[in-house]
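A, B, ... follow the sequence lines: proteins, then strands. Residue 1 opens every chain.
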Amino acid sequence: MTASYEPGRRELYWLDRWQEWDLYRTEQDPTRPKYYCLEMFPYPSGDFHMGHARNYTIGDVLARFHRMNGYNVLHPMGYDAFGLPAENAAILRGMHPARWTWQNIEKLRYWFRRMGYSYDWEREIATCHPDYYRWTQWMFLFLHHRGLTYRARAPVNWCPQCATVLANEQVVQGGCWRCHTPVVRKELEQWFFRITAYADRLLDDLKLLDGWPERVKVMQANWIGRSEGAELRFRVEELGEDITVFTTRQDTVFGATFLVLAPEHPLVKRLAAGKPGESRVLEFIAEAARHRGEPEDGAAERPKRGLFLESYCRNPATGEDIPIWVADYVLMEYGTGAVMGVPAHDQRDFEFARQYGLPVRVVVQPPGGGLDADTMTAAYDGPGVMVNSGPFDGTPNEEGKARVTAWGQERGWARPAVQYRLRDWLVSRQRYWGAPIPIVYCERCGIVPVPEEQLPVLLPEVVDFSPRGMSPLATAPEFINTTCPTCGEPARRETDTMDTFVCSSWYYMRYVSPRYTAGPFQKEAAFYWLPVDQYTGGIEHAILHLLYSRFFTKVLYDAGLVPEPEPFRRLLTQGMVLKDGAAMSKSRGNVVEPAPIVEKYGADTARVFELFAAPPEKEIDWSDRGVEGVYRFLMRVWRLAEVRPGLFRQVPGHPEAADAAAREVRRLVHRTIKKVTEDVRDRFMLNTAVAALMEMVNGLYAYVGEDRTGGDPAVVAEALHVLVRLLAPFAPFITEEMWQLLGGEGSVHRQSWPAYDPGLVAAEQVTVVVQVDGRVRHRFQAPVDATREELEAEALAAPRVRQFLDGREVARVVTVPGKLVSIATRPAAS
RNA sequence: GCGGGCGUGGCGGAGCCGGCAGACGCGCGGGACUUAGGAUCCCGUGGGCAAAGGCCCGUGUGGGUUCAAAUCCCACCGCCCGCACCA
């Protein structure tokens with residue numbers, strides 16, 4: 001390679017210059033339109049590989065593009081720095097989680113800078129810093145004061161081997177991710193966020209998110225899982241109480257031949273008490289509890305197990321007494337933990353009824369009729385007409401739903417109800433490396449929130465990390481023991497920390513005023529910058545992080561603290577970078593390290609390769625060949641500039657259209673501006689934008705000749721002036737070098753984006769295609785503005801065309817000016 | 001099972017508001033320059049037939065709409081992702 005540009009060396013040079021010039025500092029400026037461009041911030045795990053780089057590279061191109069287009073761009077970076085791996089490092093290597101974390105942040109920071117990402121480093125944040133988690137605690141209190149937190153007993157995942165609590169994500173196939181010991185359930189007092197209070201709005205507002213991928217919205221809608229139905233009450237005379245069930249099929253209540261309770265349902269033990277089968281029931285409950293910890297995979301295929309409780313309740317529609325069962329296919333967490341068994345019209349109830357010989361009664365006949373309880377082999381859950389349903393016989397079942405609910409409501413046993421799959425958000429974690437929950441327990445005053453002015457509740461430095469089954473903070477007496485903020489008496493601190501998803505649910509707000517000390521963010525800055533215009537990150541956060549962030553934004557919006565109810569206007573979910581067909585990971589040993597790539601080819605090459613290989617949403621396979629191809633392209637670009645130092649100072653900016661070749665080059669240049677602009681701005685098709693630049697470079701080589709010095713200097717100057725700027729967001733280093741060499745003023749990254757001349761974009765001549773009976777038979781050149789008649793005349797006159805018309809006559813001619821003439825024929829009339 | 005998405009050369013991928021299929025890159029073949037070149041520049045490259053002009057076939061499979069279908073519609077096959085006893 002003879003090129004005089006050495007990326008490994010020159011990129012370092014430019015990094016220093018840019019730092020001197022403070023190129024990416026962002027200030028509020030109400031006179032300019034703002035553009036908030038954000039990539040999901042990383043967890044500082046210690047490794048940075050080319051798979052990570054893609055996300056930030058995509059975001060960086062968008063940020064740089066908008067900056068050149070006159071937007072005031074906010075493009076910050078930070079670290080999602082709390083989390084369990086840091087604590088494990090403490091346990092395994094005796095290194096303090098803080099030290100481990102800050103070391104890793106140091107590495108990430110190096111690579112972000114080295115890759116040329118245009119972050120405003122003045123705004124860097126880390127969620128584990130007290131100046132940040134102080135405001136995470138503030139958010140907890142903010143929700144608390146708005147009635148959106150509560151404390152309740154809840155089961156947690158518990159590894160008996162490690163004697164510690166595990167996060168849901170750390171339970172792999174029912175076992176501990178580290179020692180594979182089967183996880184058991186354990187009841188603990190936990191803090192919850194009442195996200196279900198926002199379920200409807202989280203669902204409805206998905207409609208506002210035009211700029212989100214459809215599949216993410218669908219995933220969120222499914223996750224929220226809204227179901228409309230009714231709550232029905234079944235009288236239990238024996239207890240003098242009702243059992244309430246939730247159903248979406250009120251229309252089938254006449255077919256309810258039994259009732260089923262979840263094993264954890266409180267009435268199960270009461271109903272069994274004193275009955276002959278009591279001990280078997282208790283055994284059943286215990287057995288079911290063990291199963292709950294098992295992997296859910298295939299749960300639907302597992303045979304349903306149940307037990308008759310020797311009790312009855314009254315079907316409110318028919319007045320019949322029906323048996324009450326307990327069964328493991330009913331979930332306590334959903335609805336009321338009790339369901340009515342309608343075997344004819346619910347597959348699960350059907351399987352259960354057949355297994356235990358319970359009666360089946362058809363109450364909805366499909367359009368053709370003929371459904372018979374004795375012979376049916378599966379439940380019928382389609383539409384039909386109600387039968388065996390007293391006053392409702394003959395009613396279409398869909399219509400019957402509302403009528404049955406109203407009928408039952410008049411009689412006092414039904415009411416309309418809505419259920420969600422979404423559960424409240426459990427935020428307590430029995431871990432050290434997280435934001436302490438700012439709560440104090442006082443014997444006299446009860447649960448007392450820490451007053452805002454006493455924040456942050458600092459994490460103690462010294463604690464015992466060895467796993468013992470409670471929060472490590474419980475081992476630090478100087479942390480636990482405090483005084484009650486209300487009465488001043490001795491009190492105890494909450495020893496759990498917050499789920500790290502709490503930290504990441506509001507970080508995009510902190511960036512608008514990252515050093516603000518009077519609140520989580522300055523309101524004026526929030527109203528200027530929010531919402532995020534462009535958010536880029538992995539699909540793996542399609543539900544959790546994005547749903548939690550939407551929740552936080554809505555709560556703050558309701559308080560008037562942020563301008564819009566949704567946090568992220570446009571969302572781009574980038575695909576993974578694979579190596580040998582699999583996601584890069586240390587354990588798999590297929591990680592592409594950035595250091596050798598960047599040293600050999602430069603960060604520009606790494607960036608452009610990841611952009612060029614496929615559209616951003618798609619996964620790409622790392623290819624050393626592909627990388628070399630991109631490197632060749634960039635060096636090819638460089639060589640165009642290499643032979644023309646100072647060019648921009650020597651020739652006029654606006655070339656006269658000299659000869660045909662010059663005009664063709666100018667057309668290419670302006671067409672490329674249009675293509676790249678639209679691909680980046682409207683379609684996120686960064687791969688085709690790069691392809692268009694390659695095409696342009698190929699065209700320029702043809703124009704300037706083998707020694708690269710030919711062509712009209714003014715035309716070449718215009719072309720290079722455009723090329724360098726179009727390429728700048730993709731390859732910031734080499735374009736800066738070219739810009740200086742060619743004699744540009746200032747930094748290329750402070751230049752405005754090229755504008756194209758629409759008059760130049762349109763070709764003067766076009767190739768018109770002539771089809772005869774659907775096949776291309778001829779093509780000819782014509783002026784772009786040639787009329788329909790002119791084109792038809794020319795097409796029909798062409799000898800090639802006449803040949804195909806021989807012995808046939810023209811049936812029809814369809815002409816699209818500027819494109820084609822299509823001739824349909826039929827056999828000539830004799 | 002339910003929901004969403006995708007099937008285009010040897011490979012990654014363009015084109016999909018119907019209008020020249022295969023942009024751009026990789027790989028491969030050829031040429032130029034050169035002591036040399038695994039550098040660089042240029043040309044070619046879906047398959048078949050042909051000396052050539054050209055002809056035929058081609059976007060998972062089968063059908064349909066149309067002057068015209070990779071693109072729209074229907075059925076099927078295959079792959080990927082999400083959810084999965086949610087009443």
Side-chain angles (χ1 to χ4, degrees), chain A residues 1-3 213-223 225-227 229 245-249 252 260 262 296-304 327-331 333-342 345-349 351-352 381 419-423 539-540 542-543 608-609 612-615 617-621 623-630 632-633 635-636 639 675 685 687-698 701-702 705-708 767-779 800 810-816 818-825:
Chain A
M1 174 70 55
T2 57
E214 199 55 35
R215 65 173 180 147
V216 174
K217 289 190 278 187
V218 167
M219 282 165 74
Q220 291 223 349
N222 290 343
W223 186 263
R226 182 189 154 102
S227 303
V245 305
F246 173 76
T247 180
T248 54
R249 293 300 307 275
T252 63
V260 195
E296 298 290 316
D297 294 327
E301 285 76 48
R302 216 163 40 212
K304 298 168 181 27
D328 60 0
Y329 77 95
V330 177
L331 307 175
E333 308 90 87
Y334 186 78
T336 61
V339 303
M340 62 179 191
V342 186
H345 304 292
D346 181 286
Q347 185 59 26
R348 297 154 299 180
D349 296 342
E351 287 166 22
F352 191 70
D381 59 9
Q419 278 292 331
Y420 300 91
R421 212 183 78 101
L422 180 69
R423 311 279 154 74
I539 187 75
E540 66 273 18
I543 297 175
V608 175
F609 168 73
F612 178 64
E617 312 79 42
K618 241 185 118 145
E619 48 189 35
I620 58 176
D621 217 329
S623 149
D624 292 335
R625 297 265 200 204
V627 172
E628 282 168 27
V630 166
R632 269 199 291 273
F633 163 65
M635 290 306 116
R636 203 165 141 81
R639 280 191 298 270
K675 171 81 175 151
M685 292 287 278
N687 56 328
T688 54
V690 172
L693 290 167
M694 290 173 166
E695 237 172 312
M696 177 172 162
V697 168
N698 291 344
Y701 265 83
E706 201 170 334
D707 64 359
R708 291 163 277 153
T767 303
V768 174
V769 171
V770 184
Q771 295 182 341
V772 179
D773 290 324
R775 293 170 194 279
V776 177
R777 296 302 189 187
H778 180 55
R779 45 196 89 193
R800 279 274 305 146
V810 174
R812 191 175 163 196
V813 180
V814 177
T815 302
V816 181
K819 284 226 165 106
L820 59 61
V821 178
S822 179
I823 301 163
T825 71

**Q** Rounded to the Å, how far apart are A:Gln220 CD and B:rG3 C1'?
**A** 15 Å
**Q** I want to check something: taking the side chain as every heavy atom from C-beta on, are A:Thr247 and A:Met340 in contact at a cut-off of under 4.5 Å?
**A** yes
**Q** Tell me: CG of A:Asp773 to P of B:rC56, nearest whole Å?
**A** 11 Å
**Q** In whole angstrom, give me the gap between the C1' atoms of B:rU66 and B:rG5.
**A** 28 Å
**Q** Pick base, sugar-phosphate or nothing for A:Met685, based on heavy-atom distances below 4.0 Å to the nucleic acid.
**A** sugar-phosphate
**Q** Distance check, P atoms only: B:rA51 and B:rU61, in whole angstrom units.
**A** 31 Å
**Q** Rounding to an integer number of Å, can you tell me how far A:Glu333 CD sits from B:rA87 P?
**A** 14 Å
**Q** When you look at CD of A:Glu540, are more than 12 heavy atoms from neighbouring residues, nucleotides or ligands closer to it than 6.0 Å?
**A** yes
**Q** Could I get a table of every N or O pair under 3.5 Å where one atom is in the protein and the other is in nucleotides 45-54 of chain B?
**A**
none

**Q** Taking for each residue the nucleotide of RNA chain B with the nearest heavy atom, is it A:Met219 or A:Tyr334 whose nucleotide lies nearer the 5' end?
**A** A:Met219
**Q** If we take the P atom in both B:rG54 and B:rA21, what is their distance in whole Å?
**A** 15 Å
**Q** Does B:rA87 have OP1 or OP2 under 4.0 Å away from a side-chain N or O of A:Arg421?
**A** no
**Q** Taking B:rC41 as the reference, what is the distance to B:rG48 when you measure between their C1' atoms (whole Å, please)?
**A** 33 Å
**Q** Using a 6.0 Å distance limit plus a 45 degree cone around the ring axis, check whether A:Lys304 lies over the aromatic ring of A:Phe352.
**A** no
**Q** Can you tell me how far P in B:rG1 sits from the matching atom in B:rC17, rounded to whole Å?
**A** 32 Å
**Q** Say you pick atom P in B:rG47 and the same atom in B:rA52; how far apart are they, in whole Å?
**A** 15 Å
**Q** Tell me yes or no: between the side chains of A:Arg636 and A:Asn698, is some donor less than 3.5 Å from an acceptor?
**A** yes
**Q** Which residues satisfy the side-chain contact (heavy atoms from CB on, under 4.5 Å) test with A:Lys819, sequence neighbours excluded?
**A** A:Val816
**Q** On a heavy-atom basis, which atom in A:Arg777 and which in A:Arg800 lie closest, and how many Å separate them?
**A** O-NH2, 2.9 Å
**Q** How many angstroms lie between CD in A:Gln419 and CZ in A:Arg226, if you round to the nearest 0.5 Å?
**A** 11.0 Å
**Q** Within a strict 4.5 Å, meaning less than it, do heavy atoms of the A:Gln771 and A:Leu820 side chains meet?
**A** yes
**Q** Return the CD to CG distance between A:Gln220 and A:Leu422, rounded to the nearest 0.5 Å.
**A** 10.0 Å
**Q** Determine, step by step, whether A:Glu628 and A:Arg625 satisfy the salt bridge (charged side-chain N to carboxylate O under 4.0 Å, His left out) criterion, reporting the C-alpha distance in whole Å, the side-chain angles of both residues, the deciding distance to 0.1 Å, and the verdict.
**A** CA-CA 5 Å; A:Glu628 282 168 27; A:Arg625 297 265 200 204; 5.1 Å; no
**Q** Just to be sure I follow the notation: if a pair is Watson-Crick (purine N1 to pyrimidine N3 plus N6-O4 or O6-N4) or a G-U wobble (N1-O2 and O6-N3), each under 3.5 Å, what dot-bracket string does RNA chain B give, with | for pairs to another strand?
**A** (((((((..(((......[....)))((((((.......))))))((((....))))..(((((..]....))))))))))))....
**Q** Would you kindly give the OH-to-C1' distance between A:Tyr329 and B:rA84, to the nearest whole Å?
**A** 17 Å
**Q** Is the shortest side-chain heavy-atom distance between A:Ile539 and A:Val216 below 4.5 Å?
**A** yes
**Q** Calculate the interatomic distance between A:Glu706 atom CD and B:rC41 atom C1'; express it in whole Å.
**A** 5 Å
**Q** For A:Pro615 and for A:Arg775, locate the closest nucleotide of RNA chain B by heavy-atom distance; then report the residue assigned to the nucleotide nearer the 5' terminus.
**A** A:Pro615
**Q** Can you give me the N/O atom pairs linking the protein to nucleotides 16-26 of chain B at distances under 3.5 Å, or say none if there are none?
**A**
from	atom 1	to	atom 2	distance (Å)
B:rG19	N2	A:Gln771	OE1	3.3
B:rG19	N2	A:Ser822	OG	3.4
B:rC20	O2	A:Arg779	NH1	2.3
B:rA23	O2'	A:Glu695	OE1	3.1
B:rA23	O2'	A:Glu695	OE2	3.1
B:rG25	OP1	A:Asn698	ND2	3.2
B:rC26	OP1	A:Arg632	NE	3.2
B:rC26	OP1	A:Arg632	NH2	2.9

**Q** Looking across every strand, which nucleic acid part, if any, lies under 4.0 Å from A:Tyr420 by heavy atom: base, sugar-phosphate, or nothing?
**A** nothing
**Q** Tell me the interatomic distance from A:Glu619, atom CD, to B:rG13, atom C1', rounded to whole angstroms.
**A** 14 Å
**Q** Using the C1' atom on both, measure B:rC57 against B:rG22 and round to a whole Å.
**A** 16 Å
**Q** Mind telling me if B:rG9 is syn or anti? Syn here is a glycosidic angle within 90° of 0.
**A** syn
**Q** What nucleic acid atoms does A:Ser227 come within less than 4.0 Å of, heavy atoms only: base, sugar-phosphate, or nothing?
**A** sugar-phosphate
**Q** Taking side-chain contact (heavy atoms from CB on, under 4.5 Å) as the test, write out the residues that go with A:Val814, two or more places apart.
**A** A:Arg812, A:Ser822
**Q** Taking all non-hydrogen atoms of both residues, which atom of A:Ser227 and which atom of A:Tyr334 are closest, and how far apart?
**A** OG-OH, 3.4 Å
**Q** For the atom pair CH2 (A:Trp223) and CD1 (A:Ile543), what is the distance rounded to the nearest 0.5 Å?
**A** 5.5 Å
**Q** Does the side chain of A:Arg812 get closer than 4.0 angstrom to OP1 or OP2 of B:rC67 through an N or O atom?
**A** yes
**Q** Which whole-number value in Å describes the distance from A:Met635 CE to B:rU40 P?
**A** 10 Å
**Q** I'd like to know whether A:Met219 forms a side-chain contact (heavy atoms from CB on, under 4.5 Å) with A:Asn222, so could you lay out the CA-CA distance, the side-chain angles of the two residues, the decisive distance to 0.1 Å, and finally the verdict.
**A** CA-CA 5 Å; A:Met219 282 165 74; A:Asn222 290 343; 5.7 Å; no
**Q** Are there any protein N/O atoms within less than 3.5 Å of an N/O atom in nucleotides 4-9 of chain B, and if so, which ones and at what distance?
**A**
none

**Q** Mind calculating the distance between CD (A:Glu617) and C1' (B:rG13) to the nearest angstrom?
**A** 13 Å
**Q** Write down the distance separating the C1' atoms in B:rC20 and B:rA70, rounded off to the nearest Å.
**A** 14 Å
**Q** Does the pair A:Val772 and A:Thr825 meet the rule for a side-chain contact (heavy atoms from CB on, under 4.5 Å), with working shown?
**A** CA-CA 7 Å; A:Val772 179; A:Thr825 71; 4.0 Å; yes
